[in-house]
Novice: 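Got a structure for you, questions after.
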2 protein chains.
Amino acid sequence: MRVSREQAAENRKRVVKVAGKLFREKGFDGIGVADIMKAAGLTHGGFYGQFASKDALAAEALSAALNASAERWRARAAAHPDTPLAALVEAYLSGDHRAPHSCAIAALASDAPRQAGPVREAYDTGVQELVAILAAAMPGGEPAERQRQALVTFATMVGAVTLARATPDENFASAVLEACRVKLTR
Amino acid sequence: MRVSREQAAENRKRVVKVAGKLFREKGFDGIGVADIMKAAGLTHGGFYGQFASKDALAAEALSAALNASAERWRARAAAHPDTPLAALVEAYLSGDHRAPHSCAIAALASDAPRQAGPVREAYDTGVQELVAILAAAMPGGEPAERQRQALVTFATMVGAVTLARATPDENFASAVLEACRVKLTR
DNA sequence: ATTATCTATAGATCTATAGATAATGC
DNA sequence: ATTATCTATAGATCTATAGATAATGC
């Protein structure tokens, strides 16, 4: 039954990762502790030895998912030093982001405001981080103006993916993503 | 116990209206049938005489809420015949839309894709309707270009309200709404 | 007689906890 | 000896249904 400390730490990380995916897919209320643990290959009861509560896991999983997103954004911007903004926008507005477990900001957009403090703070921190990366990728202008541009760009990106995810109409989804892609990169 | 047919129809409408508000506020999974009926001044058991299921109520409530939104949008555009776009954008991006029961599109953005067919279809119909109103309000261009502009504008509006609702940081929320307002109306 | 609404409950599911088990790590 | 994980369950909550009640409407 018992495993090594190293293995236990790995198990814990796996729970956080699996939870991040399942929460994005099904929402905070749409998946239970038992199913998260099962998906991580553990049993329900073991959960409370590693986490204080489901809420605590939610905050940690969201935070980890958003840190991973920010890391990917930074790598992508660095890989396209001449056109970082276009690289970020195009990756985000690709059809992949319609997947049920895509970007946590879009996937949990309407769930976040209903959650307790720690989850909302993790969400907010993630938003600020991604906006900061966008602001740095803006081609020009004063810092305050770049920030404003980044806010509008991010709102458009999140809105586009949100609408594309929500509609069952594939053509409409593609049209929204494409129109926003053109607008934000031209 | 029993009430007149007229009164029963009124009661049913009240349930739909109250459900629309509560679903937007707490999400489809965040409020139960019993609490919806209680908020409408009825008892839990009476629900299934009027509705086939919670899902059926969800679809009907969403549809009604979005029809009401479209009606308000049309009235607003008609009230500002010279600047319909600015009127729509400004009303939508006012701080009021941070309220927990604001626009169903933003309030249920990440809940909708997880719901069954009828709810998703109601969401989709609402989106198409609002986009069409925006397209009609666009100052110029070919129909296809107006549609593209409307898609981008709506994505930005929804993204802005979504982010403003999610963040606990009032200043950040205001900054997002204001930046998008300026961008979309200039 | 019909029916809108009520009370009561079945059955499923969810969070959290209690106590047992067995392998690790001092 | 400690502890990561397991089994089992308490207690709460949720959807849906069954059957009773009492006022409406033919």
Side-chain angles (χ1 to χ4, degrees), chain A residues 1-62 108 111 114-119, chain B residues 1-62 108 111 114-119:
Chain A
M1 304 264 174
R2 189 188 170 194
V3 299
S4 70
R5 293 192 171 184
E6 200 179 359
Q7 180 65 50
E10 256 179 56
N11 288 351
R12 191 183 192 285
K13 267 188 201 166
R14 197 168 61 253
V15 172
V16 172
K17 188 174 178 177
V18 163
K21 185 171 177 237
L22 289 171
F23 282 138
R24 273 175 284 166
E25 213 169 310
K26 299 169 186 297
F28 293 116
D29 288 350
I31 183 82
V33 169
D35 286 334
I36 290 169
M37 290 298 274
K38 196 180 204 176
L42 297 167
T43 57
H44 180 186
F47 179 82
Y48 293 90
Q50 293 283 11
F51 301 93
S53 66
K54 186 188 181 187
D55 267 11
L57 171 65
E60 191 170 336
L62 178 57
L108 296 168
D111 298 85
R114 302 179 198 123
Q115 296 301 310
V119 171
Chain B
M1 302 264 174
R2 190 186 168 195
V3 300
S4 72
R5 292 192 170 183
E6 198 179 0
Q7 180 65 49
E10 256 181 55
N11 287 351
R12 192 182 191 286
K13 267 188 201 164
R14 197 169 61 253
V15 171
V16 172
K17 187 173 177 179
V18 163
K21 184 171 178 237
L22 290 171
F23 282 138
R24 275 175 283 166
E25 213 169 307
K26 299 169 187 295
F28 293 116
D29 289 349
I31 184 82
V33 169
D35 286 335
I36 291 169
M37 290 298 275
K38 196 179 203 177
L42 297 167
T43 57
H44 180 186
F47 178 81
Y48 292 91
Q50 295 281 11
F51 301 93
S53 66
K54 187 188 179 185
D55 267 10
L57 171 66
E60 190 170 336
L62 179 56
L108 296 168
D111 297 85
R114 300 179 200 125
Q115 296 301 310
V119 170

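Lettering of chains follows the sequences in order, A, B, ..., and the numbering in each one begins at 1.
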Novice: If I take atom CG in residue Leu42(A) and atom P in nucleotide dA22(C), what distance separates them, rounded to the nearest angstrom?
Specialist: 18 Å

Novice: Any idea which heavy atoms bring Lys54(B) and Gly32(B) closest together, and the distance?
Specialist: NZ-CA, 4.4 Å

Novice: Which part of the nucleic acid does Gly45(A) contact within heavy-atom distance under 4.0 Å: base, sugar-phosphate only, or nothing?
Specialist: base

Novice: State, to 0.1 Å, how close Arg114(B) and Glu25(A) come at their nearest heavy-atom pair, and which atoms those are.
Specialist: NE-O, 3.4 Å

Novice: Provide the closest heavy-atom pair for Gly27(B) versus Asp111(B) in the form atom of the first, atom of the second, distance.
Specialist: CA-OD2, 3.9 Å

Novice: Between Arg12(B) and Ala8(B), is there a donor-acceptor pair closer than 3.5 Å when you use the side chain of the first and the backbone of the second?
Specialist: no

Novice: Can you tell me how far C1' of dA8(D) sits from CZ of Phe47(A), to the nearest Å?
Specialist: 18 Å

Novice: Just call it for Gln7(B): base, sugar-phosphate, or nothing, with non-hydrogen atoms closer than 4.0 Å on any strand.
Specialist: nothing

Novice: Atom CG of Asp29(B) and atom C1' of dC14(C): how far apart are they, to the nearest Å?
Specialist: 12 Å

Novice: Return whichever of Val33(B) or Glu6(B) has its heavy-atom-nearest nucleotide of DNA chain D closer to the 5' end.
Specialist: Val33(B)

Novice: Is there a Watson-Crick or G-U wobble partner for dT21(C) with both distances under 3.5 Å, and if so, which one is it?
Specialist: dA4(D)

Novice: Could you check Gly30(A) against Ala52(A) and say which one's nearest nucleotide on DNA chain C is further toward the 5' end?
Specialist: Gly30(A)

Novice: Report the distance from atom CG of Asp35(B) to atom C1' of dC14(D), rounded to the nearest whole Å.
Specialist: 10 Å

Novice: So does Arg2(A) reach the base of dT21(C) with its side chain, donor to acceptor, closer than 3.5 Å?
Specialist: no

Novice: From dA16(C), dT3(C), dT3(D), pick the nucleotide closest to the side chain of Ser53(A)?
Specialist: dA16(C)

Novice: In the structure shown, which nucleotide is the Watson-Crick or G-U wobble counterpart of dT13(D), with both distances under 3.5 Å?
Specialist: dA12(C)

Novice: Can you tell me the distance, in whole Å, between the NZ atom of Lys38(A) and the C1' atom of dC6(D)?
Specialist: 15 Å

Novice: To the nearest Å, how far apart are His44(A) NE2 and dT15(C) C1'?
Specialist: 6 Å

Novice: Reckon Gln50(A) has a side-chain N or O less than 4.0 Å from the OP1 or OP2 of dT5(D)?
Specialist: yes

Novice: What nucleic acid atoms does Thr43(A) come within less than 4.0 Å of, heavy atoms only: base, sugar-phosphate, or nothing?
Specialist: base

Novice: To the side chain of Ser4(B), which of dG25(D), dA16(D), dA4(C) is closest?
Specialist: dG25(D)

Novice: Report yes if some heavy atom in the side chain of Leu22(B) is under 4.5 Å from a heavy atom in the side chain of Asp35(B); otherwise report no.
Specialist: no

Novice: Side-chain N or O of Asn11(B) less than 4.0 angstrom from OP1 or OP2 on dT5(C)?
Specialist: yes

Novice: For the pair made of CD1 in Ile36(A) and C1' in dA16(C), what is the distance, rounded to whole Å?
Specialist: 14 Å

Novice: How long is the line joining OH of Tyr48(A) and C1' of dA18(C), in whole Å?
Specialist: 14 Å

